[in-house]
Structures are given as C-alpha cells and as structure tokens.
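Right, one structure below, let's go through it.
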Amino acid sequence: MDQSEDQILAEELAALGAVGGGSGRLVRVVAKLMRKNVHEVNLLVPLPFDDAVKRVSGVLRRAGRALDTVPVGSGEDKTIRVVAGGGVGGLNPVVVTARVLKADGANSKVWLRAAAKEGLIRQRAGEKTAVRLASQLSTRPERTGQAGERQADSGPDYV
C-alpha cells in the first residue's frame with residue numbers, strides 16, 4: 001500500500017518520539033499539523049535508463065532506508081522512495097522520492113523530491129536533502145583513461 005509523504009513522516013516522527021520516551025500517538029497527531037518543507041530538482045543524467053535507475057537507487061539507498069520501488073507506466077519510468085535523515089544530527093526524517101524517466105537512448109531524466117516536517121525552528125531539511133542528493137547524482141565516479149590518468153565524467157545537467 002502506497003503511503004502519502006505526510007503519513008510516512010508522521011509515522012517516522014512518532015517512532016522517534018516513542019524512542020525518546022514520549023507518546024508516539026501524540027507526536028503522530030502533532031506531526032500531521034506541522035508545516036512541510038518540500039524541494040524538487042529536475043536533472044538530466046547522461047546515462048541510459050537502466051544505468052540511471054541503478055545509479056539513482058544506489059545513491060538513495062546509501063542516503064536512507066528504502067520504502068518502495070514502483071514501476072510506473074510502460075517500463076519507461078521508475079519511482080524509488082527512501083526515508084533519509086536530515087536536519088541537525090540527521091534526526092529529522094525526510095521522505096525522498098526519485099522518478100527516473102527515459103529521455104532518449106543515451107540520457108535519462110530524474111525528478112527528485114524531498115519532503116520533511118518543519119517545527120518551530122526551520123531547518124529546511126527537505127530542501128537541503130534534495131540539493132545534497134542532486135549533487136551526489138550530478139557527480140559521476142571517476143574512471144581510468146587509456147593512459148592510466150584519472151578522468152571525471154561530466155555530471156548531469158540541471159533541467
């Protein structure tokens with residue numbers, strides 16, 4: 001069953017509240033009333049679709065705990081969702097959703113969305129997490145050239 005960002009964030013905050021000795025039920029109710037910080041980034045990744053899906057999945061899974069991977073449509077796009085830590089000490093849960101779309105044979109588009117609940121102190125955890133992950137997706141691993149020199153692949157362009 002696909003949960004909304006608000007439901008996932010409320011459950012994650014309630015779990016944190018219960019671990020801290022508070023009432024998970026009360027935290028869940030309050031979390032639903034809190035404002036949400038959301039940031040979206042569109043990227044053009046110079047990778048074929050299957051390679052782009054693997055790259056996005058790897059970056060997101062290193063950032064947090066996978067929730068679901070759902071194929072959408074005719075296999076020309078894939079949605080990946082994780083819960084990552086953001087804010088001070090990584091204690092603010094952030095729901096990150098990435099949708100990878102086929103652009104053409106050599107390129108793929110990535111729509112990245114990060115959402116987090118905001119308390120009285122605005123940490124902009126959704127925005128900072130989206131920018132951080134977009135940066136990681138933009139930086140391609142170095143590879144060895146013909147003469148043994150290191151070459152950095154150019155990263156994706158922002159759309």
Side-chain angles (χ1 to χ4, degrees), residues 1-13 16 31 34-119 121-159:
M1 181 172 136
D2 186 34
Q3 292 181 309
S4 74
E5 285 174 342
D6 289 323
Q7 290 172 321
I8 294 167
L9 290 169
E11 292 298 322
E12 292 291 323
L13 288 169
L16 282 173
M34 294 169 70
R35 188 178 15 218
K36 192 164 51 170
N37 174 250
V38 177
H39 191 72
E40 296 180 358
V41 178
N42 291 308
L43 302 165
L44 182 62
V45 181
L47 291 171
F49 177 72
D50 291 332
D51 293 338
V53 169
K54 288 177 189 172
R55 174 130 175 92
V56 171
S57 293
V59 168
L60 264 58
R61 287 204 169 104
R62 282 190 299 275
R65 177 177 46 86
L67 292 175
D68 51 30
T69 301
V70 183
V72 181
S74 62
E76 294 193 358
D77 63 352
K78 188 163 232 168
T79 302
I80 303 153
R81 183 177 269 182
V82 300
V83 174
V88 177
L91 294 176
N92 192 2
V94 181
V95 174
V96 180
T97 306
R99 187 170 179 199
V100 183
L101 304 147
K102 277 187 182 177
D104 57 40
N107 296 302
S108 300
K109 293 180 182 179
V110 177
W111 170 77
L112 187 68
R113 176 185 169 97
K117 292 291 187 172
E118 291 275 312
I121 300 171
R122 292 189 178 156
Q123 297 182 38
R124 295 182 187 88
E127 179 181 347
K128 290 176 182 177
T129 301
V131 169
R132 177 175 50 89
L133 292 175
S135 174
Q136 290 176 11
L137 288 170
S138 298
T139 306
R140 300 254 326 257
E142 292 182 342
R143 60 185 168 93
T144 306
Q146 292 178 348
E149 72 276 4
R150 297 180 74 152
Q151 300 175 342
D153 290 337
S154 62
D157 300 321
Y158 286 95
V159 177

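Every value quoted in this text rests on a predicted model; they were computed, and no experiment measured them.
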4.5 Å side-chain heavy-atom contact, [X] and [Y]:
{"X": "R81", "Y": "I8", "value": "yes"}
{"X": "E12", "Y": "K117", "value": "no"}
{"X": "K109", "Y": "N42", "value": "no"}
{"X": "R113", "Y": "E5", "value": "yes"}
{"X": "K128", "Y": "V131", "value": "no"}
{"X": "R122", "Y": "N37", "value": "no"}

Any donor-acceptor pair under 3.5 Å from [X] side chain to [Y] backbone:
{"X": "S57", "Y": "V53", "result": "yes"}
{"X": "S108", "Y": "V45", "result": "no"}
{"X": "E118", "Y": "Q123", "result": "yes"}
{"X": "N92", "Y": "G86", "result": "no"}

Revision key, fill the gap. Interatomic distance, CG@L60 vs CG@L67, rounded to 0.5 Å, equals 10.0 Å
Review point. How long is the span from the CZ atom in F49 to the CG atom in L101, to the nearest 0.5 Å?
Key: 7.5 Å
List the atom of [X], the atom of [Y], and the distance in Å for their closest heavy-atom pair.
{"X": "G126", "Y": "A114", "answer": "O-CB, 3.2 Å"}
{"X": "V83", "Y": "P93", "answer": "CG1-CB, 4.1 Å"}
{"X": "L44", "Y": "A103", "answer": "CD1-CB, 4.3 Å"}
{"X": "A66", "Y": "V82", "answer": "CA-CG1, 3.7 Å"}
{"X": "A98", "Y": "L112", "answer": "CB-CD1, 3.9 Å"}
{"X": "K36", "Y": "A115", "answer": "CD-CB, 3.9 Å"}

